[in-house]
**Student:** 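Just dropping this structure here.
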Amino acid sequence: MEELKIVYRDKEYSYPEETTLLDISKDFKDNYEDKIIIGEMNGRLLELNSKITPNAHIEFYDYMSSYGNRVYENGLI
């Protein structure tokens, strides 16, 4: 299985090719005050079950962030 490189907060990491944003979010959950609810890959908001792509730039948002809060509110509606 091939390793894919991703960039998170200006640092490069390697993950197996079938890795999802959820898998990666578990490695960085301590960087957030609350539960991570949504991911961003290459500037596009995606659900956490999305698989990563090679050389992706990744960010996560928790309930306390503006993106995360909007996703949470939309889910309640």
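We use all heavy atoms of the structure for the numbers below, so side chains are in, but hydrogens, waters and symmetry mates are not.
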**Student:** Do any side-chain atoms of residues 49-60 form donor-acceptor pairs under 3.5 angstrom with protein atoms, and if so which ones, sequence neighbours left out?
**Tutor:**
unit_1: S50; atom_1: OG; unit_2: E47; atom_2: O; d: 2.9
unit_1: K51; atom_1: NZ; unit_2: E18; atom_2: OE1; d: 2.7
unit_1: E59; atom_1: OE2; unit_2: Y32; atom_2: OH; d: 2.8

**Student:** Going from CD1 on I6 to CG on L21, what distance comes out if it is rounded to the nearest 0.5 angstrom?
**Tutor:**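 Rounded to the nearest 0.5 Å, the CD1-CG separation comes to 8.5 Å.
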
**Student:** Honestly curious: do I24 and M41 fall in one hydrophobic cluster under the side-chain, below-4.5 Å linking rule?
**Tutor:**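 In one cluster with I24: M41, yes.
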
**Student:** What heavy-atom pair brings R9 and N31 nearest, and what distance separates the two atoms?
**Tutor:**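 Here R9 and N31 meet closest at NH1-CB, 3.7 Å.
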
**Student:** Linking I/L/V/M/F/W/Y whenever their side-chain heavy atoms sit closer than 4.5 Å, directly or via other members, would I37 and L22 fall into one cluster?
**Tutor:**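 No, separate clusters.
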
**Student:** Hey, could you give me each pair passing salt bridge (charged side-chain N to carboxylate O under 4.0 Å, His left out) that has a residue in residues 24-46? Not counting sequence neighbours.
**Tutor:**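 Listed by first then second residue: nothing to list.
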
**Student:** Hey, is OH on Y15 packed in by over 12 heavy atoms from elsewhere, all under 6.0 Å?
**Tutor:**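 Enclosed.
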
**Student:** Do M64 and Y61 belong together in a cluster built from hydrophobic side chains that touch within less than 4.5 Å?
**Tutor:**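 Cluster IDs for M64 and Y61 differ.
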
**Student:** Excluding sequence neighbours, so at least two apart, what forms ring-ring contact (aromatic ring centres under 6.0 Å, His included) with F28?
**Tutor:**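 Testing F28 for ring-ring contact (aromatic ring centres under 6.0 Å, His included), a comparison that skips the adjacent residues, returns Y8, Y13.
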
**Student:** I'd like to know if Y67 and Y63 are part of one continuous hydrophobic network [Ile/Leu/Val/Met/Phe/Trp/Tyr, side-chain heavy atoms within less than 4.5 Å].
**Tutor:**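 Shared cluster, yes.
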
**Student:** Any chance the side chains of S66 and N69 put a donor and an acceptor closer than 3.5 Å?
**Tutor:**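 Their side chains do not contain a donor-acceptor pair, so the 3.5 Å distance test is not met.
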
